[in-house]
Amino acid sequence: MAELGPSPLASGDELPVDAARAAIAAVLRPVQGQERLPLAQALGRVLAADVVSPIAVPAHDNSAMDGYALHGADLRDDAPTVLQAEPATVFAGAPYTAAVPRGGCIRIMTGAVMPPGLDTVVPIELCSVSDGRVSLKPGVLKPGENRRKRGEDLAEGGVALPAGRVLRPADLGLLASLGFDQVNVKRRVRVALFSTGDEVQQPGRPLAPGQIYDSNRYSLMGAMQRLGLEVIDLGLVPDDPALLRATVDRAIAEADAVVTSGGVSMGDADHTRELLAARGEVSFWKVAMRPGRPFAFGPLHGEGGKTAYLFALPGNPVAAIVTFYAFARDALMALAGSAEPAAPRLMAASAVPIRKRPGRTEFQRAIVSRGAQGWEVRTTGAQGAGILRSMAEANALMVLPHAQGPVAAGEPVEVWLFDGLV
Ligand code: AMP
Ligand code: MG
């Protein structure tokens, strides 16, 4: 694959994490299909096109307060302003169309359309009212206050939400406020997922000596379901060339991307690597990172020109999750058509000193908490690549970048939170 260049494995060099991410991003093309969904089913889906507002929001100048609507030009700043109230009240949803003369005012409720010519609202608590006369002290109000202007939130014809937006709760509310009950979204990205390895067993079955349960498929399935991806579970495939070939061919035929774990380490049976290499332009990378070095990426080609992008993750349970977050997460969201920046990251003060040598990116399982001075982060015990429990205890990954050396206690470090706010 021209864009990826020769495999760095050949030269023995390690590829920096950022270079691997950039190489992946350069190759991916978003899926094209779209569908029209009822608003209530569109949460988390990717907007297929800009949504242009068919109306101005708000549609009319209206009151931001319960109070009296008046002519701003009648306000005095040298003496109390005294106005004659109309014998009526303007409610939201029932516009008052008669003219209110200069020197007059009218009782108005929040959200009610401003009567013609009136441009200011005095909140009720600033008024004293007697005998139909409303008076307010000088200087408490400026002309134009407490009036929401037509189109102030959104102009008619303006872009309310851009293509590529991953729809959040407030976005659904915004679409509803514009009168839309349906929305065009990108079709969901389909990801085929399978685990490899003769020693790996399906949970629920008894373990033979030397076997371990397939945990990766469940961690990765959960991560992808959270991203709104459609996961095609192709199960567990033993290290058998024929079975592997059949599974890969099915994955290419049915999915936009293929996520596998295990079988790409240097020591593994060569047939996995050979098979993947034969199905497309897959690069086997040795990435300068810990954990999770063996990793393969590239397009696989099937019958009729069908392409699916392969993300072959290492088998170690922690490495599989870390490489998923480091390389597959943002790539799969880009494939889904998302134009959103990567997941939010924050800086937190390291609670303890950390040993780190420059020349590789280190991902540590960590707990971010609120300290006296702000966000604090500490690692969760033993960081061996197979220790899944410390990943389950973590709420974030601490990411120590390529060039970073040792970290002093209190020094800020980047963390990737597992949970987003919305
Ligand atoms: P591999 O990358 O296939 O060499 O696997 C590296 C390590 O991860 C080995 O100890 C495997 O037993 C383990 N492993 C591989 N696949 C899985 C899996 N699906 N679930 C849990 N552990 C796995
Ligand atoms: Mg294996």
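For ligands, and for the atoms within them, numbers begin at 1 and follow the listed sequence. Note that the numbering runs from 1 along the sequence shown for the chain.
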Which of the atoms of ligand 1 are close to Tyr213, meaning less than 4.0 Å from one of its heavy atoms? 20 (N), 21 (C)
Quick check on contacts: which atoms of ligand 1 are under 4.0 angstrom from a heavy atom of Ile212? 12 (O), 13 (C), 14 (N), 21 (C), 22 (N), 23 (C)
For the student: nearest non-hydrogen atoms of Thr120 and Gly72, plus distance: OG1-CA, 3.4 Å
Counting heavy atoms under 4.0 Å, the part of Asn216 that contacts ligand 1 is both
Is there any N or O on Pro314 that sits under 3.5 Å from an N or O of ligand 1? no
Non-hydrogen side-chain atoms of Val189 and Leu227 separated by less than 4.5 Å: no
Backbone or side-chain N or O of Pro317 under 3.5 Å from ligand 1 N or O: no
Side-chain (Tyr213) to main-chain (Arg205) donor-acceptor, under 3.5 angstrom: yes
Min heavy-atom dist Thr196 to ligand 1 below 4.0 Å: yes
Counting heavy atoms only, which of Ala320, Pro203, Gly263, Pro294 comes nearest to atom 3 (O) of ligand 1? Gly263
Proximal ligand 1 atoms for Asn316, defined as those under 4.0 Å from one of its heavy atoms: 6 (C), 7 (C), 8 (O)
Does Arg217, backbone or side chain, put an N or O under 3.5 Å from an N or O of ligand 1? no
Under 4.0 Å from a heavy atom of Ser195: which atoms of ligand 1 are those, numbered in the order shown and with their elements? 19 (N)
Using only atom types and a distance under 3.5 Å, with no angle test, would you say the side chain of Asn316 pairs donor to acceptor with the backbone of Ala319? no
Considering all heavy atoms, the nearest Asp66-Arg107 contact: C-NH1, 4.0 Å
So does Arg150 pair up with Glu156, basic N to acidic O under 4.0 Å? yes
Taking the side chain as C-beta and beyond, is there a heavy-atom pair between Arg217 and Leu193 under 4.5 Å? yes
